[in-house]
Amino acid sequence: MRTVRTAADLAPTLDAWRADGETIALAPTMGALHGGHLALVSLARRRADRVVASLFVNPRQFGPDEDFARYPRDEARDAALLREAGVDLLYVPDADAMFPEGFATTVSLSGPALGLEADHRPGFFDGVATVVAKLLARTGADEAVFGEKDYQQLVVVRRLVADLDLRARIVACPTARESDGLAMSSRNAYLDADRRARAPALYAALRATAAALLDGAPVGEALREGREALRRAFDRLDYLELRDAATLAPLDGTGRTGRLLAAARLGATRLIDNVAVDVEG
Ligand code: AMP
């Protein structure tokens, strides 16, 4: 596995692969790697001849009060894990090279990028969409893998690619979980023992709410109970919502494939998770 830091160093390797007729899958990450990222790489390996992973803590997707400065960074450890997982090329761009002096473009979506996370993280999806558009353009990847853990991000990226006629196919990777159900996340490292013990309540509440809906509970009642359970377990509930799985439009419970999405906080640590739910009429 080679590590490259500039677009100029990235291009020759990718061009050579393409000239040989090889397909390329991209797995974008912010590092602080865990089993979820490795699941992404493993899916990428199954989808294409060559796998490029990127490591970039994107300053544009952090709000002024968020954890950009203290986000865990350990490039040597991440590179060793990615090499072991079978990544062919690691792209670690500098922030100054990604967003040089005079950079003036922001990719901004409406539709699925409104509500949910956007209500609590203003500017987040603009930052994500801008950097994903650049990574897809720079790599010209045939496929790009994104985790269902960040479900709204996945839907936003699909919309971005469709709207801007980008060539990459977006592939969804199921959420990798700890044995107690907690979705793996780089931010789990912020949790002390007490909060770590409370954290699985997020997935438990999502599953209980999905089960109630499948049992025929009215949507309003199932969500009310789910929200109460989350308020009991967490210091703050940001949202628990049922949305259309493809568009994230509000869902009234009439026979479409739904997604339950939630975000809640333990102290300063914000956890998100989601589950599929098929709501019958
Ligand atoms: P991040 O480094 O947190 O920006 O995540 C990079 C990619 O890994 C995104 O597509 C995430 O959705 C995905 N990812 C993060 N956690 C998980 C997980 N537990 N399971 C599957 N994919 C994940």
Side-chain angles (χ1 to χ4, degrees), residues 25-47 51-63 66-68 70-75 77-79 81-82 85 87 90-93 95 98 112-113 116-117 121 124-136 139 141 143-161 168-191 196 199-200 202-203 206 248 259 261-263 269-276:
L26 172 69
T29 83
M30 296 204 303
L33 301 183
H34 51 67
H37 297 111
L38 300 180
L40 225 59
V41 169
S42 146
L43 178 57
R45 284 190 63 182
R46 295 198 295 280
R47 300 281 310 196
V51 175
V52 178
S54 62
L55 206 62
F56 182 58
V57 185
N58 172 23
R60 295 192 167 224
Q61 69 186 66
F62 287 79
E66 292 188 345
D67 54 347
F68 177 70
R70 68 181 184 120
Y71 197 83
R73 292 164 171 89
D74 188 344
E75 185 185 322
R77 174 185 174 274
D78 290 343
L81 288 169
L82 292 170
V87 167
L90 174 59
Y91 178 40
V92 191
M98 282 299 254
L116 304 169
E117 286 301 285
R121 307 186 70 186
F124 172 70
F125 286 117
D126 286 2
V128 168
T130 303
V131 87
V132 168
K134 284 176 68 74
L135 289 170
L136 294 179
T139 59
E143 314 242 339
V145 287
F146 288 85
E148 288 186 347
K149 150 81 172 28
D150 301 283
Y151 193 82
Q152 188 177 10
Q153 173 175 278
L154 170 66
V155 176
V156 165
V157 169
R158 284 193 193 286
R159 188 76 251 170
L160 165 78
V161 164
R169 259 185 310 273
I170 302 304
V171 182
C173 180
T175 302
R177 299 183 179 281
E178 305 290 354
S179 54
D180 59 9
L182 176 64
M184 290 181 183
S185 165
S186 306
R187 292 190 168 97
N188 292 349
Y190 297 150
L191 298 170
R196 174 63 187 81
L202 183 56
Y203 183 50
L206 283 164
L248 295 183
R259 201 86 191 180
L261 305 103
T269 305
R270 201 164 169 278
L271 302 178
I272 63 171
D273 203 348
N274 64 88
V275 297

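In listed order, ligands and their atoms are each counted from 1. Everything quoted here is computed from the prediction, not taken from an experiment.
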Student: Is the side chain of T269 donor-acceptor paired with the backbone N or O of L191 at a distance under 3.5 Å, no angle test?
Tutor: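 Not a single qualifying donor-acceptor pair exists.
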
Student: For L135, does its backbone N or O pair with a side-chain atom of T139 as donor and acceptor, under 3.5 Å?
Tutor: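 Yes, because the side chain of T139 sits within donor-acceptor range (under 3.5 Å) of the backbone of L135.
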
Student: Is the backbone of Y71 close enough, under 3.5 Å, to the side chain of R73 for a donor and an acceptor to pair up by distance?
Tutor: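 Checked: pair present.
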
Student: Starting from atom 7 (C) of ligand 1, which protein heavy atom do you reach first, and at what distance in Å?
Tutor: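 Atom 7 (C) of ligand 1 sits closest to the protein heavy atom L40 CD2, 3.4 Å.
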
Student: So, does A32 sit close enough to ligand 1 that a heavy atom of it is under 4.0 Å from the ligand?
Tutor: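 False for this residue.
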
Student: So for ligand 1, is A183 a polar contact partner (N or O within less than 3.5 Å, distance only)?
Tutor: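 N/O-N/O distance below 3.5 Å does not exist for this pair.
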
Student: Of all the heavy atoms in R177, does at least one lie under 4.0 Å from an atom in ligand 1?
Tutor: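 Per 4.0 Å heavy-atom rule, R177 does not contact ligand 1.
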
Student: Taking D74 for its side chain and R77 for its backbone only, find out whether a donor-acceptor pair lies under 3.5 Å.
Tutor: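 Such a contact is found between D74 side chain and R77 backbone.
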
Student: Test of understanding: given a 4.0 Å heavy-atom threshold, classify the contact between L154 and ligand 1 as side chain, backbone, both, or neither.
Tutor: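 It is neither part, as no heavy atom is under 4.0 Å.
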
Student: Would you say ligand 1 has an N or O under 3.5 Å from any N or O of A176?
Tutor: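 Yes.
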
Student: Answer with yes or no whether P174 contacts ligand 1, where contact means a heavy atom under 4.0 Å from a ligand atom.
Tutor: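 Yes, that is the case, since the closest heavy atom of the residue is under 4.0 Å from the ligand.
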
Student: What's the shortest distance from atom 4 (O) of ligand 1 to any protein heavy atom, and which residue and atom give it?
Tutor: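 For this ligand atom, the closest protein heavy atom is M30 CG, 3.5 Å.
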
Student: Which part of K149 is near ligand 1, with near meaning a heavy atom under 4.0 Å away: side chain, backbone, both or neither?
Tutor: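 For K149, the contact with ligand 1 is made by the side chain alone.
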
Student: Would you say D78's side chain and L33's backbone share a donor-acceptor pair under 3.5 angstrom?
Tutor: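 Confirmed, D78 side chain pairs with L33 backbone.
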
Student: Counting distance only, does the side-chain N/O of Q152 pair as donor-acceptor with the main-chain N or O of P112 below 3.5 Å?
Tutor: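 Here the side-chain-to-backbone pair exists.
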
Student: Would P28 count as being in polar contact with ligand 1, using the rule that some N or O on each side must be under 3.5 angstrom apart?
Tutor: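 N/O-N/O distance under 3.5 Å: no.
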
Student: Applying a 4.0 Å heavy-atom criterion (strictly less than), which segment of A39 is in contact with ligand 1: side chain, backbone, both, or neither?
Tutor: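 Neither; no heavy atom under 4.0 Å.
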
Student: Just so I know, are the side chains of L55 and M30 near enough to count as touching, which here means a heavy-atom distance under 4.5 Å?
Tutor: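 Answer no - side chains too far apart.
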
Student: Counting only N and O atoms by type, is there a donor-acceptor contact under 3.5 Å from the side chain of S186 to the main-chain atoms of A32?
Tutor: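 Flag set: sc S186 to bb A32 pair under 3.5 Å.
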
Student: Do any nitrogen or oxygen atoms of H37 come within less than 3.5 Å of a nitrogen or oxygen of ligand 1?
Tutor: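 The answer is yes, given that H37 and ligand 1 share an N or O pair closer than 3.5 Å.
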
Student: Tell me which part of H34 gets within contact of ligand 1: side chain, backbone, both or neither, using heavy atoms under 4.0 Å.
Tutor: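 Near ligand 1, H34 shows its side chain, while the N, CA, C and O stay back.
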
Student: For a side-chain contact (heavy atoms from CB on, under 4.5 Å) with Q61, tell me which candidate from D126, V128, T130 qualifies.
Tutor: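 Filter result, single survivor: V128.
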
Student: Flag C173 as yes when one of its N or O atoms lies below 3.5 Å from any N or O atom of ligand 1, and as no otherwise.
Tutor: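 There is no such contact.
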
Student: Starting from atom 11 (C) of ligand 1, locate the nearest protein heavy atom and write down its residue, its atom name and how far away it is, to 0.1 Å.
Tutor: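 Checking every protein heavy atom, the shortest distance to atom 11 (C) of ligand 1 gives D150 OD2, 3.0 Å.
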
Student: Is it the case that the side chain of R121 and the backbone of F62 share a donor-acceptor pair, with hydrogens and angles ignored and the cut-off at 3.5 Å?
Tutor: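 No; zero donor-acceptor contacts below 3.5 Å.
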
